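These notes are about the structure you will find just below.
Computation of the quantities below employed the complete heavy-atom set of this structure, encompassing side-chain atoms and omitting hydrogens, waters and symmetry-equivalent molecules. Just so you know, these numbers come straight off a predicted model, no measurement behind them.
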Amino acid sequence: MKIAKKEFLSLKRIPYIFPHYLKKGYVFHLEELQCMYIENNNHIFALDIGTRSVVGLLAAPVPGGKFAVLGYEREEHEERSMLDGQIHDVMAVADVITRVKQRLEDKLNVTLTNVAVAAAGRSLHTQRIDVAQDISGLGQLTHNDIIALELTAVQKAQHILAEEHKANDFNQYYCVGYSIVNYYLDGEIIGSLVEQRGSEARVEVIATFLPRMVVDSLIAALKRAGLEMRALTLEPIAAINVLVPSTMRRLNVALVDIGAGTSDIAITGEGTVTAYGMVPTAGDEITDSLSQAYLLDFTVAEEVKRKLATQEEVTFSDILGMESTYSRDEIIGQIEPDLDNLADLISERIMELNSRPPQAVMLIGGGSLTPRLPEKVAERLRLPQARVAVRGADAIQSFTEKIDLNGPEFVTPLGIAVAAEKHPIKYLTVYLNEEPLRIFDLKQITVGDVLLYAGVDIKRLHGRPGLAMTVHINGRMKIIPGEHGTAPILLLNGEPVALDTPVQEEDRLSFTPGRDGAPASTTPIQIVENENIDTLDVRLNESPLSLSPLVLINGQEANWDTSLTDRDEIEIRLPATLREVLMEAEVYTSDMEKQQLLYTVNGQAAQYEYSSYLFTINGQEAQLENKVKKNDVISYQVQAVLLPSIRDVLPITEQTEIHTLVTFNGQKIKIPSSEMEVYVDGERALLTDPIRAHASIAVNVRLKDEPVFSDVFRYVSDNLHATEPGKKLVITINGNPASFQDPIKTGDVLEFEWQ
């Protein structure tokens, strides 16, 4: 039954009515589908921007999870503006895209603004990486902690990828998705790290990246054509999703998309896509070989290559205008070495990625039509020829209407349309601190993803802890931790959010990194605030006194609130000496120390120490250095100071006297032969005079006249008078008669007696 176009235009509930008609067996024609989906904007514009050509098609999902092609256009590049799947001339490629888009709009009476595209498989990079973090001081891990750890691993993979490709900026690569391999806690695999405690957390991830220039050049070309990217997929992903559905992926199959510049390879097995790869050789090498062999313009050589797939003889004109006709076998013989080379490279790459021959190989893309290529690949992989086959769009079961898109070159554009609906890499524009940021991902974009793509160092989200301090207190080491860094401030559209908060198109994210913690700081009182501190209890001048401990930093007395520095040596102890007790009692003065009286003797400096105070401990005289213990009774008082005489302080060396030593009546007698003259500050003084501060004392020794016998009597205490009358005095020196005036010398023996 055919329904009129105007009837479809009047339907208000088309998405609900259409399945009802389908169940009743109604048949719908292409123009009806076009009308229904275009009018309701329920269509997908897909572009396959290849090295040789651009294919644009409009498709729409239909009930039953399938799709229909509403129309397509194809145009080749006039110049070689694409090389190996990479846009090299944005303006030239944009012109081709614009023309394809315009023809589709004119044909289907539709305005196209959004488009789904694919990036070449050669641009895909994967990294498997793990990152560990010390969590001993964090307490229970939060979900945000785990997200930050995962993103740190992704960023590390991004850095490694940049280093491997010698890129100066790791942000030259977009992360298009990552998956968790395993979590580890203290070296053991664990299902989840949330609310766990331990010493070390580790995560292992597989991250996938695209070079930024691939995506940026793609976006630039689309913008010049008036298009916004609706979805991004990868060419090998697009192709494998429509040719090898998930139900077939337990089979070990290699899919090879042979385009003009590259041959992209994807391998399935164990229920998933296990590897991607690329060979930088494809159809253009065969075209170049034909051009060289027969002196053909590149476009003419390309036509000849295409005709080889369907014609037994091919006629062409070379650059000199000479027309020639050759059989298919003759021409293939000319390009045989290049065919062998392409087959070798594809087969070797498959073996590298798969480690063994796959069960089957599917060839797609315009280059797959190159004659004898399937047979050569089968031969090198030692597979039956039936196991290596060219697959075209006719093999895709997910399309109910493909118009006339049946060749292998249309597999990728059809896959792009399906991927845009089922497996897109999302494209969002968000603003980070008011700067626009384009983001691509295979999953829901989060705040953490935005920071990652912006190149924010995930490890610097939270402020770093301040530097710790190590001190020794009474010989024991103590570590003082620095201040914890603050958490980052994350505001999404003005509201506080976490790293795993989803982000939507045009969201505005404000990010302020966490502040680093201050370095450790402390004082002695803070160190011992939770400890019991004893006191020294004594009696001082009859008053009870309780003294706190002393604080010494690096041997110097300090206050309890003195700021400490790293590696300080702190001693905390009770006052130990009388001096320390007086200081802590705040009665100590410098006058209590021994005073020094300075003077000189014959130009030599000298000093005399004395104390103005009398100290006692438990009734015994003491000095300031004496030890004090608990319950001691201490007193101090000012005392009178008696300064010594000049004689008392004269050095022995300055007390020079000369004597004559004789024997008188058997008694040893010492008779001074010299006299000391003392001057203080130039004035004559006595040896018995007290010293005074800063006195200049001069001592001179003067020799006396030679002594005579009578001088002895001044030093003799015996009674020398006659005991009886009539006695005669007899005087001798050394037994010889002498008189009172006879001189004497040391060693003489003097006798004095009454006979």
Side-chain angles (χ1 to χ4, degrees), residues 48 50-55 73-85 88-89 92-93 95-96 99-100 256-263 279-347 363-380 385 388-394 404-412:
D48 180 15
T51 302
R52 177 60 43 216
S53 63
V54 173
V55 176
E73 288 292 331
R74 179 179 184 276
E75 181 172 330
E76 293 191 1
H77 298 289
E78 295 178 355
E79 302 173 356
R80 304 190 72 178
S81 49
M82 296 274 295
L83 293 176
D84 296 340
H88 283 253
D89 187 337
V93 173
D95 289 343
V96 178
R99 289 194 291 272
V100 169
V256 185
D257 183 357
I258 307 172
T262 63
S263 298
V279 173
T281 303
D284 278 356
E285 276 68 25
I286 306 301
T287 305
D288 280 330
S289 179
L290 286 170
S291 177
Q292 295 293 327
Y294 295 104
L295 296 179
L296 302 179
D297 181 83
F298 189 85
T299 55
V300 175
E302 182 69 22
E303 284 185 36
V304 171
K305 183 182 71 173
R306 293 176 183 175
K307 290 178 180 178
L308 291 176
T310 57
Q311 298 178 200
E312 289 299 324
E313 285 189 343
V314 180
T315 300
F316 52 81
S317 296
D318 60 24
I319 60 172
L320 300 175
M322 298 180 61
E323 186 176 286
S324 304
T325 301
Y326 294 93
S327 68
R328 183 172 179 268
D329 291 339
E330 285 180 294
I331 297 175
I332 291 175
Q334 289 291 328
I335 60 173
E336 192 89 31
D338 295 282
L339 285 173
D340 289 336
N341 180 57
L342 179 57
D344 288 341
L345 292 174
I346 291 173
S347 302
L363 303 180
I364 65 169
S368 66
L369 297 175
T370 303
R372 299 184 186 173
L373 184 59
E375 296 94 316
K376 290 180 180 291
V377 171
E379 179 184 344
R380 284 155 176 75
Q385 288 194 7
V388 180
V390 176
R391 301 289 280 170
D394 54 322
D404 56 351
L405 302 178
N406 295 314
E409 66 271 27
F410 295 111
V411 171
T412 297

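Across Ser263 and Ala282, no two heavy atoms sit closer than the pair OG-CB, 3.7 Å. When every heavy atom of Pro374 is checked against every heavy atom of Val388, the shortest pair comes out as O-CG1, 3.5 Å. Smallest separation of non-hydrogen atoms from Leu290 and Ala301: CD1-O, 3.7 Å. The shortest heavy-atom contact between Lys307 and Thr315 is NZ-O, 4.2 Å. Contact record, Ile332 with Pro371: CD1-CB, 3.4 Å, taken as the closest heavy-atom pair. In terms of heavy-atom proximity, Gly50 sits nearest to His77 at O-NE2, 2.9 Å.
Residues Ile364 and Phe410 are not in side-chain contact: their nearest non-hydrogen atoms beyond the backbone lie 4.5 Å or more apart. Between Glu75 and Val54 there is no side-chain heavy-atom pair separated by less than 4.5 Å. The side-chain heavy atoms of Val377 and Val256, taken from C-beta on, include no pair separated by under 4.5 Å.
Within 6.0 Å of the CD atom in Glu336, the count of heavy atoms belonging to other residues, nucleotides or ligands exceeds 12.
Put simply, OG1 on Thr325 and CD on Glu313 are 6.5 Å apart, with the number rounded to the nearest 0.5 Å. If you take CG on Asp257 and CG on Asp48, they are separated by 8.0 Å, rounding to the nearest 0.5 Å. Remark: Ser317 OG to Met322 CE distance equals 10.0 Å, nearest 0.5 Å. Taking CG of Leu369 as the start and CD1 of Ile286 as the end, the distance is 12.5 Å to the nearest 0.5 Å. Put simply, OG on Ser289 and CG on Leu342 are 11.0 Å apart, with the number rounded to the nearest 0.5 Å. To the nearest 0.5 angstrom, Ile346 atom CD1 is 5.0 Å from Leu373 atom CG.
Checked for salt-bridge contact, Lys305 and Asp284 miss the test: no charged N lies under 4.0 Å from a carboxylate O. In this structure, Arg306 does not pair ionically with Glu303, as no charged nitrogen and carboxylate oxygen lie closer than 4.0 Å. Salt bridge absent: Glu379 and Arg372 never bring a charged side-chain N and a carboxylate O closer than 4.0 Å. Between Glu73 and Arg99 there is no salt bridge, since no side-chain N of the basic residue sits under 4.0 Å from a carboxylate O of the acidic one. Remark: Arg380 engages Asp340 in a salt bridge, criterion side-chain N to carboxylate O under 4.0 Å.
Although no hydrogens or angles enter the test, the distance criterion places a donor-acceptor pair under 3.5 Å between the side chain of Arg328 and the main chain of Leu308. Remark: side-chain polar atoms of Ser291 are not paired, donor with acceptor, to backbone N or O of Asp297 under 3.5 angstrom.
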Would you check, one step at a time, whether the test side-chain contact (heavy atoms from CB on, under 4.5 Å) holds for Val304 with Leu296?
-> CA-CA 9 Å; Val304 171; Leu296 302 179; 4.0 Å; yes
For Ile331 and Phe316, what are the C-alpha separation, side-chain angles and deciding distance, and is it a side-chain contact (heavy atoms from CB on, under 4.5 Å)?
-> CA-CA 12 Å; Ile331 297 175; Phe316 52 81; 4.2 Å; yes
Given side chain to side chain donor-acceptor pair (under 3.5 Å), test Asn341 with Thr281 step by step and report yes or no.
-> CA-CA 9 Å; Asn341 180 57; Thr281 303; 4.9 Å; no
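For the side chain to side chain contact (heavy atoms under 4.5 Å, CB included) with Val279, the lone residue among Leu345, Asp344, Ile258 that qualifies is Leu345.
Classification of the Tyr326-Tyr294 ring pair by plane angle, with boundaries at 30° and 60°, yields tilted.
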